[in-house]
Structures are given as C-alpha cells and as structure tokens.
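Numbering of residues begins at 1 and proceeds along the displayed sequence.
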Amino acid sequence: QVQLVESGGGLVQTGGSLRLSCAASGRTFSSYAMGWFRQAPGKERDVVATISPSGSTTYVPDSMKGRFTISRDNAKSTVYLQMNSLKPEDTAVYYCATGTFTQLRRGLGADYWGQGTQVTVSS
C-alpha cells in the first residue's frame with residue numbers, strides 16, 4: 001500500500017505564498033515521478049506540476065510557470081510545491097500523486113493519490 005499525505009494548505013490573500021508538502025510511504029520513492037494536481041468544485045482536474053524520479057526534470061504549465069515550483073527530497077520521501085503570487089483562480093483542492101512522468105505530465109492519471117489539501121486565495 002502507498003500512502004501520500006499532503007499538508008501546508010490554507011487561506012492566503014491575493015499575491016501571497018504557500019508551500020505544500022507531500023510525504024510518501026509504502027513505495028520506493030526515488031523510483032517514481034511525482035506530481036501535483038488541483039480541482040475546484042465543478043471543474044476538471046488540472047495538472048499543476050510534475051517532477052521526474054531523480055528531480056532532474058520538471059514540468060509546469062505555462063499558466064503557472066514562474067509562480068509555481070516543484071521540488072523533491074528523496075532522502076525524506078517528500079515532494080514540495082512552492083506557490084507564489086497566488087490568485088483567486090488558484091483556489092482549489094491540491095492533490096499529490098505518483099506515477100510515471102509522462103502519465104502525470106499529460107494529465108492521464110496516476111497510480112496513487114493523496115487526500116488533498118485546500119488552498120483558498122482571497123481577493
């Protein structure tokens with residue numbers, strides 16, 4: 001069994017920052033790509049950022065590039081999402097996931113998902 005536990009969500013004002021963390025267990029963490037996704041009520045799930053097993057390659061959609069940064073610490077089996085210059089449209093539940101880099105980057109799904117953490121950006 002694989003467990004992914006997100007933390008770090010909360011309420012921030014427009015222009016603020018948050019750092020999300022995802023702690024993994026039950027899998028050889030360094031062998032798998034990781035990713036962050038988000039979903040607002042009534043909206044489709046969107047890929048936010050993905051990172052290769054070693055951390056050498058990352059992907060962030062153009063709409064979030066320059067504001068969001070993904071990183072990982074394989075020694076701690078943890079992946080992070082640094083979010084800066086937050087906007088109200090960033091409000092969503094953010095989910096951590098693991099799978100192949102291509103699978104995650106293309107938004108095709110994941111092998112395992114975390115429970116999600118709420119991020120709310122006030123205007």
| task | Report the distance from atom OG of Ser123 to atom CD of Gln13, rounding to the nearest 0.5 Å. | result | 9.5 Å
| Distance (rounded to the nearest 0.5 Å) between Thr50 OG1 and Tyr59 OH | 7.5 Å
| task | Can you see which heavy atom on Leu86 is nearest to which on Val12, and at what distance? | result | CD1-CG2, 3.5 Å
| note | Of all heavy-atom pairs linking Leu20 and Gly9, the shortest is CD2-N, 3.5 Å
| message | I need the minimum non-hydrogen distance between Leu81 and Phe68, along with the two atoms involved. | response | CD1-CB, 4.2 Å
| field | Trp113 with Leu104, same ILVMFWY side-chain cluster at under 4.5 Å | value | yes
| Between Thr78 (side chain) and Lys76 (backbone), is there a donor-acceptor pair under 3.5 Å? | yes
| field | OG-CG distance between Ser31 and Asn74, expressed to the nearest 0.5 angstrom | value | 9.0 Å
| task | Report yes or no: does Glu6 contribute a side-chain atom to a donor-acceptor pair with the main-chain N or O of Cys96 at less than 3.5 Å? | result | yes
| said: Using a 3.5 Å distance criterion without hydrogens, assess whether the side chain of Thr91 forms a donor-acceptor pair with backbone atoms of Val121. | reply: yes
| Shortest non-hydrogen separation from Phe29 to Arg72 and the atoms involved | O-NH2, 2.8 Å
| message | Quick one, Arg67 with Met83, criterion side chain to side chain contact (heavy atoms under 4.5 Å, CB included). Give me CA distance, side-chain angles, the key distance, then yes/no. | response | CA-CA 6 Å; Arg67 298 192 300 119; Met83 303 185 292; over 6 Å; no
| remark: Scanning both residues in full, the closest heavy-atom pair of Ala40 with Ala92 reads N-CB, 3.9 Å
| query | If two hydrophobic side chains count as joined below 4.5 Å and joins carry through other members, does Met64 share a cluster with Phe101? | reply | no
| query | Does Arg105 reach the main-chain N or O of Val47 with its side chain, forming a donor-acceptor pair under 3.5 Å? | reply | no
| query | Should we count CD of Glu89 as having more than 12 external heavy atoms under 6.0 Å? | reply | yes
Could you give the side-chain donor-acceptor pairs of residues 32-39 under 3.5 Å, partners two or more places apart or in another chain?
from	atom 1	to	atom 2	distance (Å)
Trp36	NE1	Tyr80	O	3.4
Arg38	NH1	Asp90	OD1	2.8
Arg38	NH1	Tyr94	OH	2.9
Gln39	NE2	Lys43	O	3.0

| query | Ala49 and Val60: which non-hydrogen atoms are nearest, and at how many Å? | reply | CB-CG2, 3.8 Å
| message | Rounded at 0.5 Å granularity, tell me how far CG in Leu4 sits from OG in Ser25. | response | 7.5 Å
| Would Val48 end up clustered with Val93 when hydrophobic side chains under 4.5 Å apart are linked, directly or stepwise? | no
| said: Run Val2 and Asp111 through side chain to side chain contact (heavy atoms under 4.5 Å, CB included) and show every step you take. | reply: CA-CA 9 Å; Val2 174; Asp111 294 340; over 6 Å; no
| task | Rounded to the nearest 0.5 Å, what's the gap from CD on Gln82 to CG on Leu18? Could you check? | result | 8.5 Å
